[in-house]
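Report on the structure given below.
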Amino acid sequence: MTSSTLPNPSSRSCLAVVLAAGEGTRMKSDKPKVLHEIANRSMVGHVLAAVMAAGATQVAVVVGPDRDDVAKEARKIVPDAEIFVQKDRLGTGHAVLSARDALARQPDDIIIVYADTPLVSIETLAQLRAPLAKGAAVVSLGFEARDPTGYGRLLLSGDQLLDIREHKDASEAERAITLCNGGLMALRGDAALAILDKIDNKNAKNEYYLTDAVAIARSLGHGAVAVTVAEEEVHGVNDRAQLAQAERMIQGRLRQVAMISGVTLVAPETVFFSYDTKLGRDVIVEPHVVFGPGVVVEDHAIIHSFSHLEGAHISGNAGIGPFARLRPGASVGPKAKVGNFVEIKNTQLGAGAKVGHLTYLGDASVGTDVNIGAGTITCNYDGFGKYRTEIGEGAFIGSNSSLVAPVQIGKGAFVGSGSVITESVPEDALSLGRGRQVIKENWARIFRVKSQAAKLK
Ligand code: UD1
Ligand code: CA
């Protein structure tokens with residue numbers, strides 16, 4: 001289906017019901033499964049972002065008892081999401097009905113998604129909704145399973161979906177079917193509650209199966225259809241191995257998007273992005289670079305190998321690394337250079353500034369064309385407070401200097417190598433804050449002769 005045949009998502013109201021009441025015991029974790037992250041965003045966060053992008057106008061999140069943490073995370077992404085608590089885990093149909101108040105408002109479309117199935121794309125959600133506009137009451141998401149064991153099987157007649165049979169309830173013949181239920185479902189809002197209320201728990205697991213919605217819809221004279229997507233789209237996460245698989249898949253997508261949009265990735269499989277990494281045109285990323293959340297890199301910048309960036313803004317034509325660490329609040333100006341073993345935090349670096357080697361800049365502002373020598377440290381912390389260092393444009397900081405904040409280095413000033421600067425330096429001045437050099441002629445020769453003689457005694 002091409003996007004031109006999809007209904008305009010904004011013309012129909014759409015409730016997304018996000019099932020996030022998973023037990024997640026196989027994660028062996030102190031935190032709920034759906035708060036585990038891929039590409040630095042929680043799984044429930046990915047799913048919520050996808051439903052919003054697919055045109056959801058209301059969001060209901062079904063959480064387990066005492067799961068304020070999940071509710072809080074959901075509200076971070078969708079502030080007006082309604083939270084419903086499913087007190088007992090009686091099955092997927094029961095979970096959806098926990099959001100009864102939202103269902104009862106009869107939105108045009110209802111989409112049901114699982115918070116532990118984080119790779120579902122916006123296109124897939126749009127495909128799932130599309131048949132509702134053409135009159136179908138239930139749409140299921142099918143996929144050809146490599147191994148269908150455990151999944152519900154789609155029972156089709158032509159393009160009509162007749163029923164979904166859960167693995168445990170299926171006959172041998174039904175188990176031979178490889179077209180499986182991905183779990184996600186779309187329901188027409190005006191028909192949904194009447195269908196869902198008819199679901200019972202007379203089956204092998206004594207659960208209220210959402211999947212029974214298909215046969216019930218048919219018995220009420222409604223149409224039900226399936227749309228088929230790639231298995232990757234419905235990859236569910238139950239344990240840490242599946243979490244790592246999800247990470248691998250999402251990184252694959254992010255790398256692809258970056259390259260398609262004009263970024264050179266020399267060895268894409270070694271570069272790790274966050275869900276929100278933004279990269280301009282003709283950016284080059286060398287092998288083994290990690291992007292934490294909140295990084296923007298503008299056009300023509302180069303990120304050399306083994307650099308780690310988080311919460312940083314890199315302007316055009318800047319160069320970072322190799323072996324650089326940019327922490328939150330680092331802002332690197334156009335054509336500035338940050339070299340090896342340099343850490344920068346909460347610091348603005350002006351255009352053309354150079355910080356080549358072995359330096360820590362924290363809570364600083366550095367003017368244009370400043371040169372920071374190797375081994376420079378801003379001493380920004382005294383164990384209690386953080387203090388700022390301000391360096392004016394064109395200043396030159398000699399190697400191995402400590403700038404004890406709060407301190408200001410004026411425009412065009414020089415700081416001699418090895419200085420400990422505790423007082424502000426005026427514009428265009430030279431400041432030396434180090435021991436004076438002493439020369440003792442012939443001292444070393446006399447020392448050697450004396451010492452050798454003493455040893456021979
Ligand atoms: C479900 C489908 C199956 C499909 C499979 C795809 C049903 C009956 N079966 O089976 O056809 O092939 O997904 O992965 O729907 N949940 C709750 N509350 C509950 C039960 C489940 O919130 O009471 C949530 C879970 O956290 C999970 C999702 O619903 O996110 C699916 O539940 P799960 O028990 O894993 O369903 P499956 O047996 O895998
Ligand atoms: Ca499951």
Side-chain angles (χ1 to χ4, degrees), residues 16-27 32-36 42-44 46-48 51 60-65 67 70-71 74 83-99 111-120 124 128 138-155 161 163-170 174-175 177-187 195-196 199-216 224 226 228-229 231-239 242-243 245-246:
V17 181
V18 180
L19 302 191
E23 286 169 322
T25 45
R26 280 162 60 196
M27 294 298 278
K33 173 165 76 172
V34 299
L35 294 188
H36 282 262
S42 67
M43 290 197 273
V44 68
H46 280 282
V47 171
L48 285 166
V51 298
V61 184
V62 178
V63 302
R67 280 274 73 108
V70 176
I83 309 296
F84 296 93
V85 177
Q86 186 193 20
K87 289 195 190 73
D88 304 299
R89 272 179 62 92
L90 301 180
T92 47
H94 179 263
V96 174
L97 277 170
S98 307
I111 49 177
I112 294 155
V113 293
Y114 296 170
D116 67 355
T117 305
L119 294 165
V120 62
T124 292
L128 196 64
V138 178
V139 189
S140 283
L141 194 64
F143 69 100
E144 279 295 335
R146 276 185 296 268
D147 175 11
T149 313
Y151 290 113
R153 307 299 206 282
L154 298 190
L155 309 186
L161 180 60
D163 203 351
I164 302 178
R165 189 79 71 240
E166 288 306 295
H167 185 86
K168 278 202 169 168
D169 301 283
E174 287 166 342
R175 284 186 184 181
I177 296 170
T178 53
L179 184 62
C180 290
N181 176 27
L184 284 66
M185 191 179 268
L187 298 166
I195 295 170
L196 294 170
I199 295 174
D200 62 28
N201 65 349
K202 295 189 190 103
N203 51 54
K205 287 167 111 182
N206 290 330
E207 280 187 6
Y208 294 86
Y209 289 164
L210 175 61
T211 45
D212 285 352
V214 172
I216 293 168
T228 309
V229 296
E231 183 162 7
E232 170 181 316
E233 290 272 331
V234 291
H235 173 79
V237 174
N238 299 304
D239 58 31
Q242 288 169 339
L243 183 70
Q245 281 165 16

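Keep in mind the model is a prediction, meaning the values are calculated, not measured. Read the numbers this way: they start at 1 and go in the same order the structure lists the ligands and their atoms. As a basis for the values below, the full set of heavy atoms in this structure was taken, side chains included, without hydrogen atoms, waters or symmetry mates.
Scanning T211, N238, T92 for the heavy atom closest to atom 29 (O) of ligand 1 points to T92. Among L19, V62, V47, the residue whose heavy atom sits closest to atom 24 (C) of ligand 1 is L19. Nearest-heavy-atom check against atom 22 (O) of ligand 1 across A20, S98, A21 picks out A21.
For the residue pair N203 / K168, no side-chain donor-acceptor distance below 3.5 Å is found, with atom types taken as modelled. Inspection of the D169 and Y209 side chains reveals an N or O donor paired with an N or O acceptor under 3.5 Å. When only modelled atom types and interatomic distance are considered, E207 and H94 share no side-chain donor-acceptor pair under 3.5 Å.
Nearest heavy-atom pair across R153 and R175 is NH2-O, 3.0 Å. V17 and V62 get closest at one heavy-atom pair: CG1-CG2, 4.1 Å. Contact between A74 and I83 at its shortest, heavy atoms only, is CB-CD1, 4.4 Å. When all heavy atoms are compared, the tightest approach of T117 to E233 is CG2-O, 4.0 Å. Here the shortest heavy-atom pairing between V113 and V47 reads CG2-CG1, 3.5 Å.
Remark: ligand 1 atoms within the under-4.0 Å shell around heavy atoms of Y151 are 6 (C), 12 (O), 14 (O). Residue-ligand proximity, Y209 to ligand 1, at heavy-atom distances under 4.0 Å covers atoms 8 (C). For ligand 1, the atoms closer than 4.0 angstrom to any heavy atom of G152 are 3 (C), 4 (C), 11 (O), 12 (O). Of all the atoms in ligand 1, the ones that sit under 4.0 Å from a non-hydrogen atom of A95 are 17 (C), 18 (N), 22 (O).
Taking any N or O of D116, backbone or side chain, at least one lies under 3.5 Å from an N or O belonging to ligand 1. In terms of polar-atom proximity, I164 is not counted as a contact of ligand 1, lacking any N or O under 3.5 Å from an N or O of the ligand. In terms of polar-atom proximity, defined here as any N/O pair under 3.5 Å, Q86 does make such a contact with ligand 1.
Taking 4.0 Å as the cut-off between side-chain N and carboxylate O, R165 and E174 count as a salt-bridged pair.
Within the 4.0 Å heavy-atom shell around ligand 1 one finds E166. Within the structure, the closest approach of K205 to ligand 1 falls below 4.0 Å when heavy atoms are considered. Distances from ligand 1 to the non-hydrogen atoms of A115 include no value under 4.0 Å. G182 counts as a contact of ligand 1, since one of its heavy atoms falls under 4.0 Å from the ligand. Using 4.0 Å as the threshold, L90 has a heavy atom nearer than that to some atom of ligand 1.
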For this session: Begin with the C-alpha distance, continue with both residues' side-chain angles, and end with the deciding distance and a verdict on side chain to side chain contact (heavy atoms under 4.5 Å, CB included) for V70 and V34.
Result: CA-CA 8 Å; V70 176; V34 299; 3.9 Å; yes
